[in-house]
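Residue indices begin at 1 and follow the sequence shown. Basis for what follows: all heavy atoms, side chains included, without hydrogens, waters or symmetry-related copies.
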Amino acid sequence: MEQRKLGSTGPTVSALGLGCMGMSEVYGPADRGESIATVHAALDAGITLLDTGDFYAMGHNEMLVREALKDVPREKVQISVKFGALRGPAGEFAGMDTRPAATKNFLAYSLQRLGTDHIDVYRPARLDPNVPIEETIGGLADLVKAGYIRHIGLSEVGSDTIRRAHAVHPIADLQIEYSLIERGIERDILKTCRELGISITAYGVLARGLISGHWSKDSGKTGRDYRLMTPRFQGANLDANLALAEQLRAIAREIGATPAQVAIAWVAAQGKEIVPLVGARTRNRLTEALGAAKVTLTPAHLAALAKAFPPDVASGTRYAAEQMAHLDSEKPATR
């Protein structure tokens with residue numbers, strides 16, 4: 001598999017990463033055996049970057065990753081971990097805590113759950129409004145010096161925060177949503193990252209399955225699926241967005257690929273500094289995603305996609321209103 005470097009100072013990783021969140025929660029029931037088999041299949045295919053979070057099912061996801069990697073040489077894989085999100089016993093989110101002392105605590109538990117002595121990329125999951133980003137990054141820099149983490153990343157923050165963080169310690173990558181129907185980073189964040197030599201690890205490249213070609217109005221209703229509570233998957237918004245998915249299906253048919261493969265290939269084609277994360281939970285979905293590497297998008301294909309998917313084409317916001325209000329990445333740059 002093609003390799004891409006995360007930022008000017010970060011690790012070299014596979015051109016496609018595996019997002020593991022859905023193997024533990026959010027998208028309804030997942031099969032543990034199939035999840036582990038999917039991780040193994042990803043590694044066999046050349047994927048080296050695994051993304052998780054310490055709050056995914058309150059540590060379950062990290063322990064799942066540990067089990068999947070128990071016979072894998074540590075140097076063969078890069079583990080990316082998000083931290084700082086607080087949750088209650090009922091699973092509810094209760095804010096962020098990225099104070100250096102709290103960060104050390106989160107890290108200690110992650111190292112234990114993952115069964116490793118270091119994490120390759122460690123990042124706050126969101127901006128903590130009560131802690132200056134310089135303080136958070138300073139604490140992470142100390143953990144880099146101590147050898148517990150190799151590189152520092154960010155997640156869902158805007159250009160101003162990126163600049164402030166990068167001035168304290170080099171940032172390897174920004175993890176943020178990016179897809180054919182979610183192109184907010186093109187306003188200024190992508191330009192800022194390119195200027196500073198920071199890569200993008202793009203999640204939501206299939207808009208949480210909405211444009212994968214596999215979602216319908218009846219999907220997700222047999223289990224507890226977080227997507228059903230988000231604006232883009234509700235009512236008239238869903239109808240409009242599924243119509244967009246049909247446009248993608250038509251273009252994909254002309255290309256000779258699946259909608260998911262074209263969507264992933266489009267994100268990967270936006271720059272060598274961009275690494276798409278696919279949230280495949282089964283080997284079948286992983287195999288389909290891996291096929292994106294064989295998709296060549298010609299200028300004519302890209303023009304057709306640009307016409308069908310202009311910026312802000314999606315109906316509804318990507319998160320509920322209360323979550324959108326806390327996204328630093330939604331704030332416009334001031335310089």
Side-chain angles (χ1 to χ4, degrees), residues 1-4 13-19 22 27 34 37-49 51 177-183 185-186 190 200-220 227 232-233 238-315:
M1 180 176 289
E2 178 190 349
Q3 303 287 296
R4 296 188 173 185
V13 303
S14 52
L16 196 67
L18 181 65
Y27 298 149
E34 181 62 23
T38 300
V39 173
H40 290 166
L43 297 173
D44 290 343
I47 288 179
T48 64
L49 178 63
D51 182 77
E177 189 169 354
Y178 191 34
S179 72
L180 275 167
I181 68 169
E182 181 48 58
R183 296 170 56 185
I185 69 170
E186 295 176 0
L190 186 53
I200 299 289
T201 42
Y203 76 88
V205 293
L206 299 179
R208 298 175 177 82
L210 188 55
I211 59 172
S212 67
H214 302 296
W215 192 269
S216 72
K217 293 189 72 171
D218 295 323
S219 296
R227 288 171 287 194
R232 289 182 180 172
F233 286 81
L238 178 60
D239 292 335
N241 292 327
L242 286 178
L244 292 175
E246 285 305 308
Q247 291 188 58
L248 177 58
R249 190 188 302 277
I251 295 172
R253 190 178 301 117
E254 295 180 8
I255 294 172
T258 69
Q261 289 168 343
V262 173
I264 296 167
W266 181 86
V267 173
Q270 301 312 300
K272 292 292 186 181
E273 72 281 12
I274 299 174
V275 175
L277 298 173
V278 296
R281 300 195 298 163
T282 67
R283 284 167 286 181
N284 286 340
R285 291 287 187 262
L286 175 67
T287 298
E288 181 182 17
L290 290 168
K294 300 178 182 178
V295 175
T296 299
L297 299 178
T298 67
H301 296 150
L302 291 170
L305 289 167
K307 182 178 180 180
F309 298 93
D312 303 318
V313 70
S315 293

Side chain of Thr38, backbone of Arg283: donor and acceptor closer than 3.5 Å?
-> yes
Going by heavy atoms in the side chains, are Leu297 and Ile255 under 4.5 Å from each other?
-> yes
Nearest 0.5 Å please: distance from the OG1 atom of Thr48 over to the CE atom of Met1.
-> 8.5 Å
When rounded to the nearest 0.5 angstrom, what distance separates CD in Glu2 from NZ in Lys272?
-> 4.0 Å
Validation row: Thr298, His301 side chains within 4.5 angstrom (heavy atoms) | yes
Interatomic distance, Lys307 atom NZ to Leu305 atom CG [nearest 0.5 angstrom] = 12.5 Å
In terms of heavy-atom contacts, does CG of Asp312 have more than 12 from other residues, nucleotides or ligands at under 6.0 Å?
-> no
When you measure from the side chain of Arg183 to the backbone N and O of Phe309, does any donor-acceptor pair fall under 3.5 Å?
-> yes
Are the side chain of Glu182 and the backbone of Ser179 linked by a donor-acceptor contact shorter than 3.5 Å?
-> no
Point-to-point distance, once rounded to the nearest 0.5 Å, from CD of Gln270 to CG of Leu302 | 7.0 Å
Report yes if some heavy atom in the side chain of Leu277 is under 4.5 Å from a heavy atom in the side chain of Leu49; otherwise report no.
-> yes
Spell out, as yes or no, whether a donor-acceptor pair under 3.5 Å connects the side chain of Ser212 to the backbone of Ala260.
-> no
Enter the distance from Gln3:CD to Ser14:OG here, rounded to the nearest 0.5 Å.
-> 6.0 Å
SB check Arg208 Glu177 (cutoff 4.0 Å) = yes
Can any side-chain N or O of Glu288 pair as donor or acceptor with the backbone N or O of Gln261 at less than 3.5 Å?
-> no
Do the side chains of Ile211 and Leu242 get nearer than 4.5 Å, heavy atoms only?
-> no
Close side-chain approach of Glu34 to Arg281, heavy-atom, < 4.5 Å | no
Is any side-chain heavy atom of Thr201 closer than 4.5 Å to a side-chain heavy atom of Val13?
-> no
Qualifying ring pair (Phe, Tyr, Trp, His ring centres under 6.0 Å) pairs, either residue in residues 245-286, two or more places apart = Tyr178-Trp266
Do side-chain atoms of Asn241 reach the backbone of Ala314 as a donor and acceptor pair under 3.5 angstrom?
-> no
Report yes or no: does Glu273 contribute a side-chain atom to a donor-acceptor pair with the main-chain N or O of Ile200 at less than 3.5 Å?
-> no
State, yes or no, whether a side-chain contact exists between Val267 and Leu180 at a heavy-atom distance under 4.5 Å.
-> no
Pairwise side-chain contact, Leu244 with Ile181, heavy-atom cut-off 4.5 Å (strictly under) = yes
